[in-house]
K.L.:
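What follows is a single structure, and I will ask about it in a moment.
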Number of protein chains: 2
Amino acid sequence: MLSYAENEADEHTASPEVLKVSARSRPSAVAGAIAGVVRELGRAEIQAIGAGATNQAVKAVAIARDYLRETGIEVVCLPEFIDITIDNEDRTAMLLVVEPR
Amino acid sequence: MLSYAENEADEHTASPEVLKVSARSRPSAVAGAIAGVVRELGRAEIQAIGAGATNQAVKAVAIARDYLRETGIEVVCLPEFIDITIDNEDRTAMLLVVEPR
């Protein structure tokens, strides 16, 4: 069974690199997805809404940095706020852009 | 044996740039501190324990990136896990290193 992040990534073929992370996402699984997307596309974007999700996303980036460093890729994280609409409700999410330094 | 004041001074000198963020920290205030430390010392380190604190820390970094970009400094964030001891208890904290790209 796919993790939440992997499942979401598959559903959003328009922007395949956006990984949606929830408070229940497993950081190591998301980290694997981040590393794969960075290797495939050169960068990854992780979207998180709320403290629990943002925490899991940051943990995942920390782990992904280790994964990628093992293959000689040094990545950095660029956090920014984004406005999104879910069920006709405006929300502010965190977007963590991960790309080579 | 060092006096309390000397001991504190030593700790401060050892890593003057570590900003400790809690779940109750105001992101914009922390962002101002991050921007100031980066301008002064070239880099800043933000320590957070727990989801609420990490969330505030990431928000602060996003805001600090805007502050610093206004003065021509493009910073990136390097999240990593660190092991710390508080009240004789081992904890895992997130350390967000912020430095120019």
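None of the values given here were measured: they were computed from a predicted structure. A note on names: the letters A, B, ... follow the listed sequences, proteins ahead of strands, and every chain is numbered from 1.
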K.L.:
To the nearest 0.5 Å, tell me how far A:Glu89 CD sits from A:Ile84 CD1.
P.N.:
10.5 Å

K.L.:
How close do B:Ala60 and B:Ala31 get, heavy atom to heavy atom, and via which atoms?
P.N.:
O-CB, 3.3 Å

K.L.:
Looking at B:Leu96 and B:Pro79, what are the two nearest heavy atoms and their distance?
P.N.:
CD2-CB, 3.5 Å

K.L.:
For chain B, which of A:Ala23, A:Ala62, A:Gly52, A:Ala57 has the most heavy-atom pairs under 4.5 Å?
P.N.:
A:Ala62

K.L.:
What part of A:Arg65 lies closer than 4.5 angstrom to a heavy atom of chain B: side chain, backbone, both or neither?
P.N.:
side chain

K.L.:
Work out which heavy atom in B:Pro100 is nearest to a heavy atom in B:Gly42; give both atom names and the distance.
P.N.:
CD-O, 3.0 Å

K.L.:
Under a 4.5 Å cutoff for heavy-atom pairs, which residue among B:Lys59, B:Gln56, B:Glu80 has the most contacts with chain A?
P.N.:
B:Lys59

K.L.:
Please classify the contact between B:Leu95 and chain A as side chain, backbone, both or neither, with a heavy-atom cut-off of under 4.5 Å.
P.N.:
neither

K.L.:
Do NZ/NE/NH1/NH2 and the carboxylate oxygens of B:Arg43 and B:Glu45 come within less than 4.0 Å?
P.N.:
yes

K.L.:
Given a strict heavy-atom distance threshold of 4.5 Å, which part of B:Val97 is in contact with chain A: side chain, backbone, both, or neither?
P.N.:
neither

K.L.:
Among A:Asp66, A:Thr54, A:Leu78, who wins on heavy-atom pairs under 4.5 Å with chain B?
P.N.:
A:Leu78

